[in-house]
Engineer: 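Attaching a single structure in structure tokens format; questions to follow.
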Amino acid sequence: MQFYMPTKLYSEQDCIKNHAEELVTFGSRAMIVTGKHSSRANGSLADVEIALKNEGVPYIIYDDVEENPSIETIMKAKEIGLQENVDFVIGIGGGSPMDAAKAIALMIANPEETEEVFYEPKQLDYLPVICVPTTCGTGSEVTPYSILTIHKQRTKKSIKHKIYPALALLDASYLKSMPRRGLVHTSVDALAHLIESYLNTNSNDWNRVYSAQGLRVWAQFKRNLLDDELKEEDYEKMLRASALAGMAITHTGTSLPHGLSYAFTYEQGYSHGKAVGMFLAGYVSIYKDKTVVQEVLELLGFENIVEFKKYMKELLGPILVDKEVLQNSVRKIMADAAKLKNYPFAVTEEELLTMVEV
Ligand SMILES: [Zn+2]
């Protein structure tokens with residue numbers, strides 16, 4: 001058993017403003033890593049800029065991070081970061097900018113390394129990373145994971161290095177400008193993290209503190225999310241569930257739904273949340289220890305699997321699953337011992353194929 005959760009976290013309204021002084025203790029020249037639009041629309045980028053200006057810390061903005069960031073994007077940012085002499089990185093946005101910020105922090109700290117190093121088991125330092133999440137799914141603000149798109153392999157893959165953010169600043173008000181679809185999909189990603197962590201080879205009493213509590217919090221807003229009637233306090237709960245889920249998977253990793261999902265994001269363009277969400281009811285159904293499955297359903301406030309399945313279907317809407325993509329993804333995962341090991345039982349190709357309706 002190992003337990004390690006080194007990220008310092010604040011969660012409150014005006015979080016960035018309140019902790020600006022601490023934010024600038026991590027370096028003297030910042031690189032802000034973000035996407036093109038949402039951090040400008042929800043005010044998070046402006047809040048970070050004001051904080052840095054007030055504290056007199058220079059910064060550059062790298063806003064070329066696409067959804068599911070590629071290795072090419074990271075390498076481009078590395079060059080800019082080196083030219084500009086930055087010494088800490090601030091990731092603002094959803095999983096994509098935060099994961100990119102981690103990989104960029106690794107590459108800037110190791111200028112002699114090439115992109116091959118992402119998938120080599122090597123102990124390397126990295127620049128301090130600060131995360132400001134503006135979605136409620138990835139939990140990347142507290143996880144050590146950075147998932148990058150490898151175009152050569154037509155998929156996404158978590159890099160080998162564990163990069164823990166030094167500081168996470170959570171302010172739920174940034175969620176309010178998110179379109180409903182984004183809120184649903186990212187919340188479903190958090191739900192997947194909670195379920196896959198609870199139903200995992202690596203789960204134990206220590207990390208289930210996070211997954212169980214995350215599931216309880218998720219249960220509190222699930223009806224309002226489905227009915228599109230989110231209340232003020234729900235946004236904070238969604239962000240909290242997402243961070244708790246991140247802490248849970250930091251200790252357990254994810255499992256079959258995540259493993260099967262990546263091909264659908266790459267080949268069919270499904271958002272990460274939708275791609276993992278479509279396997280969740282199937283995962284709960286094939287999971288062999290029905291006592292633990294019942295625990296999950298109870299924490300989430302569902303009577304049984306049928307009720308859970310119905311909820312997921314209503315929440316995600318109709319999904320067209322390409323049979324060939326599914327078959328390829330199943331075959332790939334069956335050949336990947338590292339991906340199967342988080343599922344505590346033997347599993348067959350047929351079982352995996354039943355995890356989603358084609
Ligand atoms: Zn995920």
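Just so you know, ligand 1 is whichever comes first in the structure, and atom 1 is the first atom listed for that ligand.
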Engineer: State whether Lys288 and Glu351 are salt-bridged, where the test is any N-O pair (Lys NZ or Arg NE/NH1/NH2 against Asp/Glu carboxylate O) under 4.0 Å.
Structural biologist: yes

Engineer: Leaving waters out, which protein N, O or S atoms fall under 2.8 Å from the Zn ion (ligand 1)?
Structural biologist: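 Those protein N, O or S atoms (cut-off: under 2.8 Å from the Zn ion (ligand 1)) are Asp189 OD1, His193 NE2, His258 NE2, His272 NE2.
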
Engineer: Is it the case that the ring center of Phe221 lies less than 6.0 angstrom away from the ring center of Tyr235?
Structural biologist: no

Engineer: With no hydrogens and no angle check, just 3.5 Å: does a side-chain donor-acceptor pair link Asn18 and Glu12?
Structural biologist: yes

Engineer: Mind telling me whether His258 and His272 have parallel, tilted or perpendicular rings, with 30° and 60° as the class edges?
Structural biologist: perpendicular

Engineer: Verify whether the ring centers belonging to Phe88 and Phe26 lie closer than 6.0 Å.
Structural biologist: no

Engineer: Side chains of Thr135 and Thr186: do they bring a donor and an acceptor to under 3.5 Å?
Structural biologist: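 Thr186 and Thr135 do not have a side-chain donor-acceptor pair below 3.5 Å.
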
